[in-house]
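Chain letters run A, B, ... following the sequence lines, proteins first, then strands; residues in each count from 1.
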There are 2 protein chains.
Amino acid sequence: MVTTTSTRPKPRPRDRAGTEGTILDAVSRLILRDGLSGVGINALAREAGVDKVLIYRYFGDLDGLYRAYAEHGDFWWTVEEMLAATDGATDAADALKRGLRHHAAAMRQRPVTLAVIAAEPTNRTALVVALEEVREKRSIELMEKEAARHGGWGDVDIAAVTALLAAAIDYLAARALRIRVYGGVEIKTNKDWERVLATVDAMIDGVFMAAFPSNPKEKS
Amino acid sequence: MVTTTSTRPKPRPRDRAGTEGTILDAVSRLILRDGLSGVGINALAREAGVDKVLIYRYFGDLDGLYRAYAEHGDFWWTVEEMLAATDGATDAADALKRGLRHHAAAMRQRPVTLAVIAAEPTNRTALVVALEEVREKRSIELMEKEAARHGGWGDVDIAAVTALLAAAIDYLAARALRIRVYGGVEIKTNKDWERVLATVDAMIDGVFMAAFPSNPKEKS
DNA sequence: CGTATATGTCACCGAATGGTGACAACAACA
DNA sequence: TGTTGTTGTCACCATTCGGTGACATATACG
């Protein structure tokens, strides 16, 4: 005869690795749906269909969970990837343009990263800090390698230019998750973004042209 | 015999206007200390030293409180103020440079506004929406008036340029409330900001120069 | 004066939060 | 076989949250 399974419907299989994966997957879903601040112990356990005590047992606390999640996922471009994207650039300005376009594309296809960036100013959890560290490290390493490739940046304050433009792209991309307009400029479609990136190109051209006025760029 | 005032220490005076002011002041303090997400009914009542039922009575709910707060404070530059700041500009590029410098200064001296901006992507409350509306309205009005002053913007996509640079400034200023570095660029002191704003100037010069290559710096 | 209303105080509600202790059952190993 | 530790389940805790009803008292108005 059948045991009365109706009172105990679905005993989760005893599989720690699988359960951990279930939990980490639920983190992604929760960040996408409710933002980083929506990731709490209770909500997470509910979303994962797992008893919250398992989260404590396997990850210690929320910070431990964040650290595990930060190591588990793919949140940024790699330096190799970026060097490949800027390979064949005709000069430093061209490399920067290609790099920022790759950056924009990489951000836009990682909504979880964007959600974390959106939460950065107000939610300084271990996940935010871990992702920031990766970004700082990779951008500095990339800038050194690009500088070596192109023999420096001339009179251009490349760190400030890059910081300004990357900050604008990050902010607009994170904002576009939910709001999709800023200062009258739409940021919804690929076409909208092409407009923004064309302007980024123009500003880069301009700032390099101003620094090297004797070497004007010919546009076809 | 003295009445046992020890059990009822400080009966708040019956003064609705004063109490409303006390509450609105507490909103500012709370936003500065804990961010916009720290403004809840209970925390606010505690901070203001006021019973929370008064908040409901006078403002309805949190959204009503936010709307009242939005009308009460000084959160942005005005169009008149901005036109004065850009008065005497030699050309459109110069006007944009002066305008963005004034924008940066105006933002940096309004930490409450910065805290609201920081919360924008994740906290779509009535206060955030109200402040966004003011910003959109004023920036569009300003751009029209500046365009009339300088006879248009030539081939420059002024909306995109302004949006990018203002987004970068807003993001960096909001971030500087707590973090103070981005992409290796410090954003602490006035000197740090002068470096960033000089780069903004250079990019504006560049993009206008690229749009008017035959007319480097001349006014008809 | 008496009375109504505005203002302020207090006590409570259900829900959700982060967190812990106790227990059941399965697996590995002796 | 019996024991031990891991995995999962459940019940509970104190705290905070947004929200409401009941009550006290000072003020304005008849």
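Atom pair A:Y56:OH and C:dG19:C1' shows a separation of 5 Å (rounding to whole Å applied). We find that CZ of A:R46 is positioned 9 Å from P of C:dG18, with the value rounded to whole Å. Atom CD of B:E20 and atom C1' of C:dT7 are 12 Å apart (whole Å). When rounded to the nearest whole Å, the span between CG of A:D51 and P of C:dA22 equals 16 Å. In this structure, B:D15 atom CG and D:dA26 atom P are separated by 15 Å, rounded to whole Å. Remark: P of D:dG18 and CG of B:N42 are 5 Å apart, rounded to the nearest angstrom. Straight-line distance from the CZ atom of B:F59 to the C1' atom of C:dT7: 14 Å, rounded to whole Å. One interatomic measurement links the two molecules: CD of A:E47 to C1' of C:dA16, which rounds to 17 Å at whole-angstrom precision.
A:W77 pairs by the side chain to side chain donor-acceptor pair (under 3.5 Å) definition with A:H103, not counting sequence neighbours. Applying the side-chain contact (heavy atoms from CB on, under 4.5 Å) test to A:R33 and every residue at least two apart in sequence or in another chain returns A:L30, A:E47.
At a threshold of 4.0 angstrom between heavy atoms, the contacts of A:L54 include nucleobase atoms, whether or not backbone atoms are also involved. Using a 4.0 Å heavy-atom distance criterion, A:R16 is classed as a sugar-phosphate-only contact. A:D61 comes within contact range of no nucleotide atom at all, as no heavy-atom separation falls under 4.0 Å. No engagement by B:V50 is indicated, since no non-hydrogen atom pair under 4.0 Å with the nucleic acid exists.
Proximity of B:R57 to the phosphate of C:dT9: no side-chain N or O atom is located under 4.0 Å from OP1 or OP2. OP1 or OP2 of C:dG8 has at least one side-chain nitrogen or oxygen of B:Y58 nearer than 4.0 Å. For the OP1/OP2 pair of C:dA28 and a distance below 4.0 Å, the side-chain nitrogens and oxygens of A:R14 include no atom meeting the criterion. Distances shown here put every side-chain N or O of B:T19 at or beyond 4.0 Å from the OP1 or OP2 atom of C:dT7.
Applying salt bridge (charged side-chain N to carboxylate O under 4.0 Å, His left out) to B:D87 and the options B:R149, B:K145, B:R98 leaves one that passes, B:R149.
Closest-nucleotide positions on DNA chain C for B:K52 and A:I41 were compared, and the one nearer the 5' end corresponds to B:K52.
Salt-bridge check for A:E132 with B:R175: passed, with a basic side-chain N closer than 4.0 Å to an acidic carboxylate O.
With ring centers used as reference points, A:Y182 lies under 6.0 Å from A:Y171.
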